[in-house]
Amino acid sequence: MILTEKKLFVLETAHTGYAFRVTEGGVLQHLYYGSRLPRSEDYDSAPVMLNQPGNALLDGDGLCREDLLQEAGTLGWGDLREPLADVTFPDGGRSCDFRFSHFERPEEASPDGLPSALGGETLKVVLKERTHELYLELYYTVFEDEDVIGRWSRLINDGKEPVWAERLMSLQLDLPADAYELITFRGAWAREMEFVRQDLQGELRWSSRAGVSSNRCNPFAMVCRAGAGEEHGDVWGLNLLYSGNHLGTAQINAYGSARLTQGMGPLRWQLEPGASLDAPQAVMAYSPEGFGGVSRCMHPFVRRRIVRGYWQDRERPVLLNSWEALYFKVSARRVVQLARSARDIGAELLVLDDGWFQGRSDDSHALGDWTADSKKLPGGLAALAKDVNAQGLDFGLWVEPEMISEDSDLYRAHPDWILGHADQAIGRNQYVLDLTRPEVCRYVCDSMKKLLEEANIRYIKWDMNRILGDVFSPALPAARQGETEHRYVLGLYSILAELTEAFPEVLFESCASGGNRFDLGMLCYMPQVWASDNTDAACRSAMQWNYSYGYPQSVLGCHVSDAPNHQTLRRTPLDSRFSVASMGVLGYELNPGELSADRRERIREQIAYYKAHRRLFQFGQMYRCPSPEGERFTMAVAEDGAQAAGVHFAALNRPNPIQAPLYCRGLAGERVYRVTNRPTEVRLKDFGSLVNYIAPIRIHAGSLVEKVADQVVKLPADQLDLTASGEAFCRRGFYPVQPFGGTGFNGPTRLMKDFDSRLYLWTADAE
Ligand code: DGJ
């Protein structure tokens, strides 16, 4: 709900309120963002600093802006914090003073050429620069049920001379003086989403200069009152619908108040008379219930307002991806063999990854030439898709359309289509195509359309394997080079909009060397993202936990891969790899044909189990539950509360371990649930030479006898079976079966090896 009373604006969601007012002189003063207040007057209570402390400045209306909480900070009038908008005027000056002009309530409003969240109620506030014909429009969209507020801004040059936008942020949030902390998610390739918590003092930033939203620092961040935790304390979550460079700033000023801004990364945009520039949409959520509270706003928001179209609410198929099975050694025979074994384990979609197109023997060739390699796939893609379909599987394909190899027909024909100068730093032996050029976008779009039309392709993995370096477009004049990065993103979005409209039922999965472009912008076009090239269960358990602060598991591609793992060389139990991957969109990244029959059977059981509870795994509300040190317990609870799944992952086993209860979250308090664990397996060989303690003959570790005994002897596995109310599971918790910790193993003992996990399922009595 949006209330506009005189000069007071109040935006209310189901549980939160956001308010600002227009001061006497027309400055937008921020008042409040927090829990919803009972009466609109309650919001209108913040002071205005009218005296001049020490050497601070006063504006023409006697207002000291240095510590005024505001909606749109600028430079030059005594506000020393990061501005929302920064403009250079024709005389070179940058002092800028936006004052309230009027407001509107548009039915619909979204930034030009950029994706925006679906629906909501919008307020547009128009500000005018005091001495120039320059307008700043602030857009606020209320997503009531999700407790989320969208923000973006537009700069319009109505003057007679050009001006230059040096910065146009999407969101500014000023918070009153207090102690705050900033939580950001940083990392690198295969190390996506590391949780970084810092005291907010002075100035901090979270940003990417990689040309993409980047694994170096995800756009999602949280600010909290000092000491907030998973389930308590004031937390504000911020995110951006944008896939290029981004910038988030967090500051504490000299008076202890905080300013947060978020938007596109650095740019210099020339605004001709009559022209406008739009910032991408940012979103914010507030919760008094800690980080978990913010996640429970962001998850439904992403599911309902960001992901859209045919796949929005549809269960995603279990796929088998060829990458770690074949790498570049692709041939029609191998792919069909892989499809056969994929069908055998119960997968539904076979994805042919890199290595399928003309001359692609390794990563230094052929990007840009999107035709099937005639030696590897003599019948072409259409015939291959048919063969895969004949196995009862859908066919999916990997592409990397934004890139170009020097050794490609495309480069030979258009060497000028690359972004940057010929002499530049290279990543993965490839250049980036200059998507600021309409003719390049046309080529990319047409070549993708041709692929999708020539074969029965139901899924596309859209990869992007290098960052931008020399950001220079030969197609733009020198004065406009500062626009290149943003124009690249606009070009990309134009391609994605056209393709997803033309092929609405194709499932697109975004990938950029894993999670190098995991953002809400891509998710507006592609319902899921390959979260990381790192599929090691121990790493993934942490990474997926951290992704879940801002993103629901329905958008996370999570695969079970081989052991030892190809990124860490670590061996983790097969069932543990499955349990971890099941809290997302499940896939396999291995060659089932190369596994033993009993491993294949185990995978068959995993996929059958996942399919039986797929809606819960993919769309259940995720909770990060209290977890002992070195362990992680996550739950997904069905919307109607009738079922829940939980994965308990523990890194290192300890002898004689402390037994502590696990506490559930999200279960319906009054309902009675039965919890069981997914039957696990206990292998004789896991005991090594310890079996000789009970074995009638001596069994040597690694010997043939051990191998045979391991196949023949079936050891009992732990089985939990408890019934209690949801309230009891949450408050009193439950004790997993006693773990093996050095001595004594019998039927009910839970054998938790290193990096092991248990998958639990709660089912409620009928209401
Ligand atoms: C990087 C991706 O993240 C991998 O999954 C794989 O598709 C390779 N690219 C292929 O080149």
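Whatever order the structure lists them in is the order used to number ligands and atoms, beginning at 1. All values reported here derive from a predicted model rather than from experimental measurement. We number each residue from 1, following the sequence as shown.
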**Q** Using a 6.0 Å cut-off, check whether atom CZ of Arg209 has over 12 heavy atoms from anything other than its own residue.
**A**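 No.
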**Q** What protein heavy atom sits nearest atom 9 (N) of ligand 1, and how far off is it?
**A**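 Protein heavy atom at minimum distance: Asp463 OD2, 2.7 Å.
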**Q** If the test is salt bridge (charged side-chain N to carboxylate O under 4.0 Å, His left out), which one of Lys376, Arg360, Lys461 qualifies with Asp354?
**A**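 In the set Lys376, Arg360, Lys461, the residue that makes a salt bridge (charged side-chain N to carboxylate O under 4.0 Å, His left out) with Asp354 is Arg360.
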**Q** List every atom of ligand 1 that sits less than 4.0 Å from any heavy atom of Trp398, numbering the atoms from 1 in the order shown and giving each element.
**A**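 Ligand 1 atoms under the 4.0 Å threshold to Trp398: 7 (O), 10 (C), 11 (O).
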**Q** Any side-chain donor paired with an acceptor under 3.5 Å for Asp519 and Ser243?
**A**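 Per modelled atom types, Asp519 and Ser243 side chains form a pair under 3.5 Å.
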**Q** Counting heavy atoms only, which part of Asn321 comes closer than 4.0 Å to ligand 1: side chain, backbone, both or neither?
**A**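 It is neither; nothing of Asn321 touches ligand 1.
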**Q** Do ligand 1 and Asp354 have nitrogen or oxygen atoms that lie under 3.5 Å from each other?
**A**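 Such a contact does occur with ligand 1.
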**Q** Identify, for atom 3 (O) of ligand 1, the protein heavy atom at the shortest distance, and state residue, atom and that distance.
**A**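 Its nearest protein heavy-atom neighbour is Asp533 OD1, 2.3 Å.
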**Q** Please verify whether a non-hydrogen atom of Glu589 lies at under 4.0 Å from ligand 1.
**A**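 No; Glu589 lies far enough from ligand 1 that no heavy-atom distance drops under 4.0 Å.
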**Q** Please list, in number order, the atoms of ligand 1 under 4.0 Å from a heavy atom of Asn465.
**A**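 Near Asn465, the atoms of ligand 1 are 1 (C), 9 (N).
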**Q** Using a heavy-atom cut-off of under 4.0 Å, does the side chain or the backbone of Glu324 touch ligand 1, or both, or neither?
**A**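 No part of Glu324 comes within reach of ligand 1.
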**Q** Below 4.0 angstrom from a heavy atom of Trp530, which ligand 1 atoms are there? Numbered from 1 as shown, please.
**A**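 Once the distances to Trp530 are compared, the set is 3 (O), 5 (O).
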**Q** Tell me, which protein residue and heavy-atom name are nearest atom 6 (C) of ligand 1, and how many Å apart are they?
**A**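 Result: Asp353 OD1, 3.4 Å.
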**Q** Using a strict cut-off of 4.0 Å, indicate which atoms of ligand 1 neighbour a heavy atom of Cys511.
**A**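 Selected atoms, number and element: 2 (C), 3 (O).
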**Q** If you count every heavy atom of other residues, nucleotides or ligands that lies below 6.0 Å from Lys449 atom NZ, does the total exceed 12?
**A**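 Enclosed.
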**Q** For the ring pair Phe220 and His246, is the centre-to-centre distance below 6.0 Å?
**A**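 No.
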**Q** Any nitrogen or oxygen of Phe328, side chain or backbone, less than 3.5 Å from one on ligand 1?
**A**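 No, since none of the N or O atoms of Phe328 sits under 3.5 Å from an N or O of ligand 1.
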**Q** For Tyr525 together with Phe508, are the ring centres under 6.0 Å from each other?
**A**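 Between Phe508 and Tyr525, the centre distance exceeds or equals 6.0 Å.
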**Q** Which atoms of ligand 1 are found less than 4.0 Å from any heavy atom of Lys461?
**A**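 Close to Lys461: 4 (C), 5 (O), 6 (C), 7 (O).
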**Q** Is it true that Asp362 and Ser364 share a donor-acceptor pair across their side chains at a distance under 3.5 Å?
**A**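 Per modelled atom types, Ser364 and Asp362 side chains form a pair under 3.5 Å.
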**Q** Counting only heavy atoms not in Glu439 (residues, nucleotides, ligands), do more than 12 fall under 6.0 Å from its CD?
**A**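 Count over threshold, so yes.
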**Q** Within 45° of the six-membered ring axis of Trp417 and under 6.0 Å from that ring's centre, is NZ or CZ of Arg412 located there?
**A**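 Here Arg412 fails the 6.0 Å and 45° test against Trp417.
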